[in-house]
Amino acid sequence: MLEDIREKKTNRITYALVIIAGIGMLFIGVPFFNQPGGERATVATVNGHSIPINAYNNVYREIQQQAPDLGEAETKARTLRRLITQNLFQQHALDSRYILPETALYRIIKSQFGDNTQYQQWLTQNHLSAETYQNSVRNEQTVAAYYRALLSDPGDNHPLLQSYLQTLAQERGYTLYTLPRAPLAEAVSVSDDALHAYHDAHQDNYTTPEAVDIDYTLYDIADLGASDEQIAAARQASEKRSGRYIIFDDSKTAADAAAAIQAGEKTFADYWQAVTDKTTAGETGTLDPASKDKSVTPEIGAALFALAASGDTSPVIKSEYGDMLIELGNIEASTLSDDELRRLAAQQNLATYDSRANQAFDAAQNGQPLPAITGITGGNIASLKNITAASTDAAWLQNPKVREQLFGEKPLAENKTADPVEIAPQQTVFFTVTRREKPQPRPFAEVKNDVERDYRNAEAEKGLQTRGEALQKALSENNRDEAEKLAREYGVETLTLEPTNRFSDNPIVPALFENPARISTQKSANGDLIIASLYSVRDGDIKALPDNIRQGAAFTWQQQDMATTYNSYGDWLYRHAKIKVNEEMLQRQ
């Protein structure tokens, strides 16, 4: 309901831009902050606006990571061009009439930091004022929103979008010929000499898995503990509350209503009915169940959660919608477990956690042993023995960054402290490998059955390939008699797929649509060879595509259109800009 009121009280185009701005930073990315320092701290000026050296260095490192094979000159050129283009887009958008509303700015920052305490801590750590950061976010989001708004909605009838969807809806008919591998494998003649030779040639396939022993310590914010008061506050914050509201068009009427309700002279329901009957000017509506931090606005959430019992009414709230009164409806108890509540409550210790975590990270990356790290975190050291890549002794062992250090191409050396890995928010594992056992060959007698299975399949593959080539030849030459003869001889299973699109539930169909050839091949999960003969292609019904496919395709197409527009605008702005590059500064970088 409040969203409806927002539309009534706000220019609809501006509101649409606010929604668009919330999607994310398509064009500009992470905000950077202009810092003082004149020419000495500037790599370029664009229409009189400075590009600071710290912004240049950040983008330079980013491009280096994205394209490590680029030469230094090309990396510098791309860095400068990207920064200049970003600056031009920013200037162009900020010269427009659109400015990001304060409510939208608040929600963006709220989504980034969660609460004001974390926000203030982050500002302090980065030596920024709230005004500086908020201006930067506002500018960046304004640019994103402005250029998204320039791209009008293509609509379902746009011819290019229709063509794109038609391609997705295309239907094809196939005849599938499945050549089984199992009969060929069973018919393979096997001897001990042949199996020994195969074992020796493929010995790396028959080894024990690489194994390690590790010592580790987990640093978890929950280990810092939480008071009963903090846990109680976390429980309340995770409740969901619903309610009703009245927005009065007149401040005095709102104040009088609040006083009358407080004195027991009238009820919230009385004023609700008066507004409904239009004897009092205003708006009424309901508040869906939501936790405190998910309320429509912070002041509404604070007012709703300050009320003690269902039916209680708030004092007058000064909101972006006008003067409001809120009545508390239902209170839905928290569904979080005790452990989850303790973890949530422990977020109050975030500053302590971050400080210790940073110290522990530095210690680990400087090669300090685990006892030095637990001296910082206060944790304990535990051990795991004989861990392999398939081990599930702890869930974090399957974390890709942990696996890479334990069993990757450049595995961690024994007794060397690993790079710390954050395995969950505010939960980090520090570890060392105390013993590493390389894969060892397994005796032939121990793996004979595996060797025989692999040998039979390898020999069967040769026969399967020969049969497949013969059948493909007959099909490609449209020699129906020969194809039917070979199919009978080879014990082929035939299946006709009626015209279907690429979103069929049949798992082989999406792969077939990736290959436009009339005759193509696929391998089944059990090693059978599937030859697909395409016999029909026709336009499909766009309306028959699943809704999520149509919507996703429209979004993808629009993103491509946006990228084209972005590049065109960028080139035009670049050609008409006054750009001065500080070559001396660049030479020193």
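For reference, positions follow the sequence shown, starting with 1.
For Thr496 (side chain) and Thr175 (main-chain N/O), no donor-acceptor pair under 3.5 Å exists by modelled atom type. Between the side chain of Gln166 and the main chain of Gly540, a donor-acceptor pair closer than 3.5 Å is present. Within the 3.5 Å criterion, the main-chain N or O of Pro439 finds no donor-acceptor partner in the side chain of Thr207. In terms of modelled atom types and a separation under 3.5 Å, the side chain of Asn399 and the main chain of Ile423 share no donor-acceptor contact. A distance-only check finds no donor-acceptor pair linking the side chain of Asp528 to the backbone of Ser524 [under 3.5 Å]. Distance alone, capped at 3.5 Å, places no donor-acceptor pair between the Ser520 side chain and the Ala517 backbone. Judged by distance alone, the side chain of Ser391 and the main-chain N or O of Asp393 form no donor-acceptor pair under 3.5 Å. Between the side chain of Glu583 and the backbone N or O of Val43, no donor-acceptor pair lies under 3.5 Å. A donor-acceptor pair under 3.5 Å is absent between the side-chain atoms of Gln426 and the main chain of Ala424, judged by distance alone.
Among residues two or more places apart in sequence or in another chain, the salt bridge (charged side-chain N to carboxylate O under 4.0 Å, His left out) test is passed with Arg488 by none. By the side-chain hydrogen bond (donor to acceptor under 3.5 Å, both in side chains) test, Arg78 is found to be paired with Glu74, residues two or more places apart in sequence or in another chain being considered. With sequence neighbours excluded, the residues forming a side chain to side chain contact (heavy atoms under 4.5 Å, CB included) with Lys473 are Glu477, listed by chain and number. In terms of the side chain to side chain contact (heavy atoms under 4.5 Å, CB included) criterion, residue partners of Tyr490 (sequence neighbours excluded) are, by chain and number, Leu179, Arg467, Ala470, Leu486, Val492. By the side chain to side chain contact (heavy atoms under 4.5 Å, CB included) test, Gln64 pairs with Tyr60, Thr75, sequence neighbours left out. Shown here are the salt bridge (charged side-chain N to carboxylate O under 4.0 Å, His left out) partners of Asp419, two or more places apart in sequence or in another chain: there are none. For Glu452, the side-chain hydrogen bond (donor to acceptor under 3.5 Å, both in side chains) partners two or more places apart in sequence, or in a different chain, are Arg456. Scanning for side chain to side chain contact (heavy atoms under 4.5 Å, CB included) contacts around Ser189 gives an empty result, with sequence neighbours left out.
Of the charged side-chain nitrogens involved, at least one lies within less than 4.0 Å of a carboxylate oxygen, so that Lys462 and Glu459 count as a salt-bridged pair. A salt bridge does not link Arg480 with Glu482: none of the charged nitrogens is closer than 4.0 Å to a carboxylate oxygen. The existence of a salt bridge linking Lys76 and Glu72 is confirmed by a sub-4.0 Å separation between a basic side-chain nitrogen and an acidic carboxylate oxygen. Between Arg436 and Glu414 no salt bridge is recorded (no basic side-chain N to carboxylate O distance below 4.0 Å). Salt-bridge check for Lys448 with Asp192: passed, with a basic side-chain N closer than 4.0 Å to an acidic carboxylate O.
Atoms OG1 and CD, from Thr388 and Glu437 in turn, are 11.0 Å apart once rounded to the nearest 0.5 Å. Atom OH of Tyr177 and atom CD1 of Ile530 lie 13.5 Å apart (nearest 0.5 Å). Remark: Leu412 CG to Leu406 CG distance equals 7.0 Å, nearest 0.5 Å. Rounded to the nearest 0.5 angstrom, Ile84 CD1 and Ile579 CD1 are separated by 4.5 Å. Taking OH from Tyr574 and OG1 from Thr85, the interatomic distance works out to 6.5 Å, rounded to the nearest 0.5 Å. Here CD1 of Ile63 is found 4.0 Å from CZ of Arg82. Values are rounded to the nearest 0.5 Å.
Scanning all heavy atoms of the two residues, the minimum distance from Tyr535 to Leu497 falls at OH-O, 3.1 Å. A pairwise comparison of heavy atoms in Arg61 and Asn58 identifies NH2-OD1, 2.6 Å as the closest pair. Taking each heavy atom of Ala418 and Ala364 in turn, the nearest pair found is O-CB, 4.1 Å. The shortest heavy-atom contact between Thr434 and Ile214 is OG1-N, 4.0 Å. Scanning both residues, Val46 and Gln91, for their nearest heavy atoms gives O-NE2, 2.9 Å. Scanning both residues, Asp454 and Tyr206, for their nearest heavy atoms gives OD2-OH, 2.6 Å.
The shortest side-chain heavy-atom distance between Asp213 and Ile387 does not fall under the 4.5 Å cut-off. Ile508 is listed as a side-chain neighbour of Leu176, based on a closest heavy-atom distance under 4.5 Å. Between Asn57 and Asn54, every side-chain heavy-atom pair lies at or beyond the 4.5 Å cut-off. Val421 places a side-chain heavy atom less than 4.5 Å from the side chain of Gln405.
Annotation for Lys523: atom NZ counts as buried by contact number, over 12 foreign heavy atoms lying within 6.0 Å. Crowding of Gln398 atom CD: a count of heavy atoms from other residues, nucleotides or ligands under 6.0 Å exceeding 12.
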Check your understanding: Hey, mind stepping through Arg172 and Gln170 against side chain to side chain donor-acceptor pair (under 3.5 Å) and telling me if it holds?
Key -> CA-CA 7 Å; Arg172 300 181 187 178; Gln170 183 190 83; 2.8 Å; yes
Exercise for review: Carefully, step by step, assess Arg403 and Leu397 under the rule side-chain contact (heavy atoms from CB on, under 4.5 Å).
Suggested key: CA-CA 6 Å; Arg403 285 170 57 88; Leu397 288 171; over 6 Å; no
Exercise for review: Start with the C-alpha distance between Thr432 and Asp215, add both sets of side-chain angles, then the distance that settles side chain to side chain donor-acceptor pair (under 3.5 Å), and finish with yes or no.
Suggested key: CA-CA 5 Å; Thr432 60; Asp215 287 347; 4.7 Å; no
Point to revise | side-chain contact (heavy atoms from CB on, under 4.5 Å) between Thr500 and Asn506, intermediate numbers included | key: CA-CA 10 Å; Thr500 182; Asn506 190 317; over 6 Å; no
Check your understanding: Taking it one step at a time, do Glu171 and Asn501 satisfy side chain to side chain donor-acceptor pair (under 3.5 Å)?
Key -> CA-CA 4 Å; Glu171 294 184 344; Asn501 64 34; 5.1 Å; no
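Gln112 and Tyr133 form a side-chain donor-acceptor contact under 3.5 Å, judged by distance and modelled atom types alone. Glu469 and Gln465 share a donor-acceptor pair across their side chains, judged by distance under 3.5 Å alone.
Counting only residues at least two apart or on different chains, no ring-ring contact (aromatic ring centres under 6.0 Å, His included) pair has a member in residues 404-426. Sorted by first and then second residue, the ring-ring contact (aromatic ring centres under 6.0 Å, His included) pairs with a member in residues 447-468 read Tyr198-Tyr455; sequence neighbours excluded. Sorted by first and then second residue, the ring-ring contact (aromatic ring centres under 6.0 Å, His included) pairs with a member in residues 410-437 read Phe361-Phe430; sequence neighbours excluded. Listed by first and then second residue, the ring-ring contact (aromatic ring centres under 6.0 Å, His included) pairs involving residues 510-534 amount to none (not counting sequence neighbours).
Ring orientation note: the planes of Trp122 and Phe113 are tilted relative to one another, at an angle of 30° to 60°.
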